[in-house]
Amino acid sequence: MANQTASLPGLEPAPEEPAATVPVLVPVAVETAYSYRVPAGMHLGPGTVVQIPLGNRQVVGAVWEPGIWEGGGAKPVDPSKLREILHVFDVPSIDERMRRFIDWVARWTMAPPGMVLRMVLRVPEALEPEPPLKGVRLAGAPPERMTKARARVLDLFEENPSWSKTGLATAAGVSPGVVDGLIGAGTLQIVPLPAAPPAPMPEADWNRRDLSPAQDKAAEEITATVAERRFSVTLLDGVTGAGKTEVYFEAVAEALRRGRQALVLLPEIALTSEFLQRFEERFGCRPGEWHSDVPPKQRVRLWRGVIDGSVRVVVGARSALFLPFPELGLIVVDEEHDPAYKQDDRVAYHARDMAVVRGHIAGFPVILSSATPSIETRHNADTGRYRRIELPDRASGAALPDIHAIDMRRGGPARGRWLAPALTRAVGEALARGDQALLFLNRRGYAPLTLCRSCGHRFECPDCSAWLVEHRFRSVLTCHHCGFSMPTPEACPSCGDVDSLTACGPGVERIAEEAAADFPDARIIVLSSDMPGGTRRLRAELKAIAGGEGDIIIGTQLVAKGHNFPKLKVVGVVDADLGLSTADPRAAERTFQLISQVTGRAGRRDGAGVGYLQTYMPDHPVMRALVSGDRESFYATELEARERSAMPPFARLASLLVTGPDRPLTEGFARELARAAPHQDGVHVLGPADPPLAVIRGRHRQRLLVHADRSADIQAYLHRWLAAGPVPKKGVRLAIDIEPLSFM
DNA sequence: AGTTTGGGCGGT
DNA sequence: CCGCCCAAACTT
């Protein structure tokens, strides 16, 4: 503007105005927004996505509201340090709701705001205009030198006047070089191809399913929350097979009818192709897909589709929560109890809770779905903060499996074996009927502990307080906390004895060994996350099992997730007590959830299956609830137990994550924090959680248990500590890991 | 997060 | 006395 005025003839140059600056959130770990000069003529409102210089590199940031991230005693920036915004990207701005959401998440997780923004702008290629697709078409005379390959290529132009280069080469069965040769000869010409057609639209009424009366009633209620178009949280609660998915699909349909976008969050989406198929059957096309396995080009297309509104429904892993939907009208969090919703590194957030926050800020309903709701969600439902819709029965009419406890004190296996006779018998009977059996043990590898028979030496991780787990297939000992790994030695490193090392306890590999010995003719499939071949192989195996392949499936917790195994009739939980003995305050809850999910895989379609729990504690409330099938008794007992425990306001229980570059520093700071101000302003620091102390990405971490009347108090306490108290030693960072009752 | 800076120490 | 390595500081 100043320039325009100055350039007009006959006018005095306008007095030099101080150059305008704007705050910009930069994608680095700093506490405040940085100021940048706005070039003359550039129009910038809050939310504009810009490219800016930072040090000697160029980064992507977003213009932000002034004042939010200035901090208390912010001193003005030295004007000589101010640099100019380089470029405005041609994408819609981050809208005001999204900016408030980013601010909120940053405050809550104690993460630098720019790092939260980074999760939103994590596809930098999506900001650049899409390069036009290049195709080829006939442009000139046939080449002087004609070959068979060239002829095949040219013939294809009778079908279609323009082709993509690779598509043409593939269709003709020639190498791309042949096409290049024809371009060089002037026979073919490169032309821009029309842009790819926009993503197909899911149709709300493509294929309405017949719902059971219970589902129908639930769907009606849940659809009404979408129609209200304001914030609410609904827990959709029903046993495995009750048909929760069909019910929340109706909510998605309602969002579509009302012209709004919808997001469905799933844990570990990479393994749930079955879900995508069900979606397609209901809505006529696949939804947008967002998770770490989506290839870069597809990511770009989805991100753009989301922000320009052409993608209406996204199904994704937790990170999909940070996609910039302009018209979001519903979030469904499926399997809301699943710990995979928690991100532990970088910005530590819980996607289920942040979904509730996003709904609150933007004013739309959130649906939490689970057969085994988390205690905090159940509490919120019981106290009326969340609505609760219960689906009582299995929609298909199939019964839940009968669960039996095998008392290992009396009916346990012989020495050196891990499967009780009763379980082995049940597996044998299943195989004889042509059914599948699943042996579940949530422990990867061969044996969780290796020790020396001669001197008693135990193999421990050098960095964590954890035992090294033997993986016999790979011949290594590895730490499941930090990934440390060493070849299994021949001799004991302590006393030097050879062949004295003994494996103690079972992992899935060892169970597979025993099953193979008992059932030499059975086809045995072992599934664990460290399986060679990665998620692609895993997905294929799961699909094959669902299709009836394999007789005995031996797996870790990933078999608990999402797949229907119609032929599966017997589930054996090899160590039902595993996890109950840890110091984790959520041990009982996690065990109940995991075992319910695993046994729920049995007998889902025609006829009930059977589940066997190998336990030394058949009278434990968790085992009793699982055996009786009385979920309510579990929730009642657990809620009451937490009320009575040393940490009465149970769900305001939080753990702080203290991370630092080395173990003494991290542990020391956690202890110091617990000692210096253990009870302050309603916050009770209970002390460092028990080991193991883990090392993740080279940083040691220690959990510190805390409780308070209101989760916001914990926030306030920590922020006060960080601002005024004994500030963390260099290199120590705090993060909050909280599953609270409420935020607002 | 990624890059630059600077201090401590080992070799000469 | 110089170089190398790691940790700390800085980026507007």
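Residue numbering restarts at 1 for every chain, and letters A, B, ... go by the order of the sequence lines.
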I'd like to know if A:R57 reaches the base of B:dA1 with its side chain, counting only an N/O donor and acceptor under 3.5 Å.
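Answer is yes: a donor-acceptor pair is held.
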Compare the minimum distances between each of C:dT12, B:dA1, B:dT4 and the side chain of A:N56, then state the nucleotide with the smallest one.
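The closest nucleotide is B:dT4.
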[N] [atom2] sits how many Å from [X] [atom1], rounded?
{"X": "A:D78", "N": "C:dC10", "atom1": "CG", "atom2": "P", "result": "14 Å"}
{"X": "A:R83", "N": "C:dT11", "atom1": "CZ", "atom2": "P", "result": "11 Å"}
{"X": "A:Q58", "N": "C:dT12", "atom1": "CD", "atom2": "P", "result": "13 Å"}
{"X": "A:W64", "N": "C:dT12", "atom1": "CH2", "atom2": "P", "result": "20 Å"}
{"X": "A:Y36", "N": "C:dT12", "atom1": "OH", "atom2": "P", "result": "6 Å"}
{"X": "A:I52", "N": "C:dC10", "atom1": "CD1", "atom2": "C1'", "result": "16 Å"}
{"X": "A:E31", "N": "C:dT12", "atom1": "CD", "atom2": "C1'", "result": "15 Å"}
{"X": "A:Y34", "N": "C:dC10", "atom1": "OH", "atom2": "C1'", "result": "7 Å"}

By the 4.0 Å heavy-atom rule, please label A:V30 as base, sugar-phosphate, or nothing.
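Counting heavy atoms under 4.0 Å across all strands, the contact made by A:V30 includes a base.
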Take a 6.0 Å sphere around CG of A:D90 and say whether it holds more than 12 heavy atoms from other residues, nucleotides or ligands.
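Check fails, neighbour count at 12 or below.
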With a 4.0 Å cut-off on N to O distance, would you call A:R260 and A:E327 a salt bridge?
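So A:R260 does not pair with A:E327 through a salt bridge.
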Verify whether the ring centers belonging to A:F364 and A:F325 lie closer than 6.0 Å.
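No - the distance between ring centres of A:F364 and A:F325 does not fall below the 6.0 Å cut-off.
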Do A:D95 and A:F101 have side chains that get closer than 4.5 Å, going by heavy atoms?
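No. Closest side-chain heavy atoms not under 4.5 Å.
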